[in-house]
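All values below come from the heavy atoms of this structure, side chains included, with hydrogens, waters and symmetry mates left out.
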There are 4 protein chains.
Amino acid sequence: MLISLDMTGDDPIYLQLRNEIVLGIASRRLQGGEGLPSVRQLAEDLGINAMTVNKAYTLLKEQGFIEIDRRQGAKVRVSTEAAPHFPGRWQQQLALLIAEGLARGMEKGELMKTCEQLFEILNQGEKTQ
Amino acid sequence: MLISLDMTGDDPIYLQLRNEIVLGIASRRLQGGEGLPSVRQLAEDLGINAMTVNKAYTLLKEQGFIEIDRRQGAKVRVSTEAAPHFPGRWQQQLALLIAEGLARGMEKGELMKTCEQLFEILNQGEKTQ
Amino acid sequence: MLISLDMTGDDPIYLQLRNEIVLGIASRRLQGGEGLPSVRQLAEDLGINAMTVNKAYTLLKEQGFIEIDRRQGAKVRVSTEAAPHFPGRWQQQLALLIAEGLARGMEKGELMKTCEQLFEILNQGEKTQ
Amino acid sequence: MLISLDMTGDDPIYLQLRNEIVLGIASRRLQGGEGLPSVRQLAEDLGINAMTVNKAYTLLKEQGFIEIDRRQGAKVRVSTEAAPHFPGRWQQQLALLIAEGLARGMEKGELMKTCEQLFEILNQGEKTQ
DNA sequence: GTGGTCTAGACCACA
DNA sequence: GTGGTCTAGACCACT
């Protein structure tokens, strides 16, 4: 799976990495149960600090996207049960994005169509960026 | 319009303020053409520094949500035709949120329903948080 | 002659007005010796404060573009002899603009062509904005 | 690279600093990819506040002249392909300067020669002021 | 180490 | 009155 990071952008690297992995899981390029590269391996491949990768993995674990086994390394979580402090923050962010569209005069149909398209693209395992 | 800020959270105050105003515009609690409080006034009301409010206003101006008139202060932009560097970043963020839902096993219907509900709540001018 | 002002933009109104008049002189929509509207008249036409117009006229007089006669009002200066503190500042600003082009990788031919086109457009008395 | 600021003039310091850096890039005193001093370092060297330097850097970043890397600080952008909201404003300013020349009776040849000279001076990496 | 954010208080340009 | 700029000093996030 290709991971692209922008070192000069405003977003912290560990967040970019976390987001890329979430996108990978959603598009099933990363299957449930599939193992992730080790922290050191991935750090070397991406040319970044191991602590940065570790931070991304820890975040993903806290948010319920992956599981970390000290012996087997990290792997994508299979079934998704409860996820810590998920819905509130997520809905809040989604509401903000929708508000931005509304504030710019976006119609309901236009918004729903965009959401549906993005969903389909991800669900078919194609790459969005 | 009530504005609530979390001074202890991780999100910068100027961003929270910017977001609250965007939500206000989307929900029409702030009408197009309506004047916003002056930088100093709002800073005093919220108990924050004027430069912080200034930063939020400047950001909103750059993103096309408000206009700043040297004589009358800031006011909500009426017709939001021009949207500087909008769609790319916005779609990217939306795709990420949808991916988070997908990665947690959310169904398409569930997602679309959530989006629609959020849209309706905002469009009816009710408060979301 | 049409004068368009942007009340919400970043540039001060008196400067916008000064610039519009300079453009008018350059394109000969305002002929040498031609009288300008009185301060009060122009202020009323444009819907701005008379002091703002006065400031623009004073600036134009200081820079040698117009002459102000207390009895006859303001009129475009006919022959252009010496102009106070002109060349230094003007060359400096021109150098900065050219530098911006260079810093963005603009070629010499591209730059010269742009300058020539702008010159011709103005010299033919057509409107540029 | 020497940077001279006029603390008593009308131009904001952050703008003067921004302009000096643009001139430096255009004249290749600052090479593409070259690192700029850190915000604090430059502020101390110039005897100004760090936030003022920060504002100049942020502006240069938004206008595509430099990149800011959280790890290595700011550096001159190598390939300047993307130029956010560049041409319109730039042409407008250039047209105004040319109009000032025209309104003072400057001939076409004189203007073109001046532009060419300024271009060559910058392109040869010599200092203009 | 880096840049990003925030504060309290000041002065200035504009209208 | 408005926003724009600047200062000195502080704390935080990221790497």
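- Here Met51(D) lies in heavy-atom contact (under 4.0 Å) with a base.
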List the steps, then state whether side-chain contact (heavy atoms from CB on, under 4.5 Å) holds for Phe65(A) with Arg77(A). CA-CA 6 Å; Phe65(A) 290 109; Arg77(A) 202 167 167 191; over 6 Å; no

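- A residue-by-residue look at Pro12(D) and Ile13(A) shows that Pro12(D) has its nearest nucleotide of DNA chain F further toward the 5' end.
- Look at Thr52(D) and you won't find any side-chain N or O under 4.0 angstrom from OP1 or OP2 of dT5(F).
- Partners of Asp69(D) under the salt bridge (Lys or Arg N to Asp or Glu O under 4.0 Å) rule, at least two apart in sequence or in another chain, are Arg71(D).
- Between Lys55(D) and dC6(F) there is no side-chain polar atom (N or O) within less than 4.0 angstrom of OP1 or OP2.
- The interatomic distance linking Leu46(D) (CG) with dT7(F) (P) rounds to 10 Å, in whole Å.
- Using modelled atom types and a 3.5 Å distance limit, the side chains of Thr52(D) and Asn54(D) yield no donor-acceptor pair.
- Within the 4.0 Å cut-off from OP1 or OP2 of dG1(F), not a single side-chain nitrogen or oxygen of Ser38(B) is found.
- A side-chain donor from one of Asp6(D) and Thr8(D) sits under 3.5 Å from a side-chain acceptor of the other.
- Here dG4(E) presents its P atom at 17 Å from CG of Asp11(B), a figure rounded to the nearest Å.
- Taking atom CG on Leu15(D) and atom P on dC6(F), their separation rounds to 8 Å, with Å as the unit.
- Residue-to-nucleotide contacts include a donor-acceptor pair under 3.5 Å from the side chain of Asn49(D) to the base of dA8(F).
- When rounded to the nearest whole Å, the span between CZ of Arg18(C) and P of dC14(E) equals 13 Å.
- In this structure, Asn54(B) reaches the bases: a heavy-atom distance under 4.0 Å links it to at least one base atom across the strands shown.
- Among the atoms of the strands shown, none is found under 4.0 Å from any heavy atom of Ile48(A).
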Would you write the dot-bracket representation of DNA chain F, where each base gets (, ), [, ], | or . depending on whether it forms a Watson-Crick or G-U pair under 3.5 Å and with which partner? ||||||||||||||.

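- Comment: Arg18(C) engages Glu100(D) in a salt bridge, judged by a side-chain N to carboxylate O separation of less than 4.0 angstrom.
- Relative to the side chain of Tyr57(D), the nucleotides dT5(F), dA13(F), dG3(E) differ in distance, and dG3(E) lies closest.
- The nearest heavy atom of DNA chain E to Gln72(D) and to Gly47(B) marks one nucleotide each, and the one closer to the 5' end goes with Gln72(D).
- Heavy-atom nearest nucleotides on DNA chain F were determined for Ile68(B) and for Met7(D), and the one closer to the 5' end corresponds to Ile68(B).
- Within 6.0 Å of CG in Asp11(B) there are more than 12 heavy atoms belonging to other residues, nucleotides or ligands.
- Ion pair Asp45(C)/Arg40(C) not flagged as a salt bridge, since none of the NZ, NE, NH1 or NH2 atoms sits closer than 4.0 Å to an Asp/Glu carboxylate oxygen.
- In this entry the distance linking CD of Glu67(D) with P of dT2(E) reads 19 Å, nearest Å.
- The CG atom of Asp10(D) sits 17 Å away from the P atom of dG4(F) (whole-angstrom rounding).
- Note that the CG atom of Asp10(A) and the CD1 atom of Ile68(D) stand 8.0 Å from one another [nearest 0.5 Å].
- In this structure, the CD atom of Gln16(B) is 19 Å from the P atom of dG4(E), given to the nearest Å.
- Distances shown here put every side-chain N or O of Tyr14(A) at or beyond 4.0 Å from the OP1 or OP2 atom of dT15(F).
- At a cut-off of 3.5 angstrom, counting only N and O atoms as typed in the model, there is a donor on one side and an acceptor on the other between the side-chain of Arg40(B) and the base of dG3(F).
- Leu17(A) has its CG atom 14 Å from the C1' atom of dT15(F), to the nearest Å.
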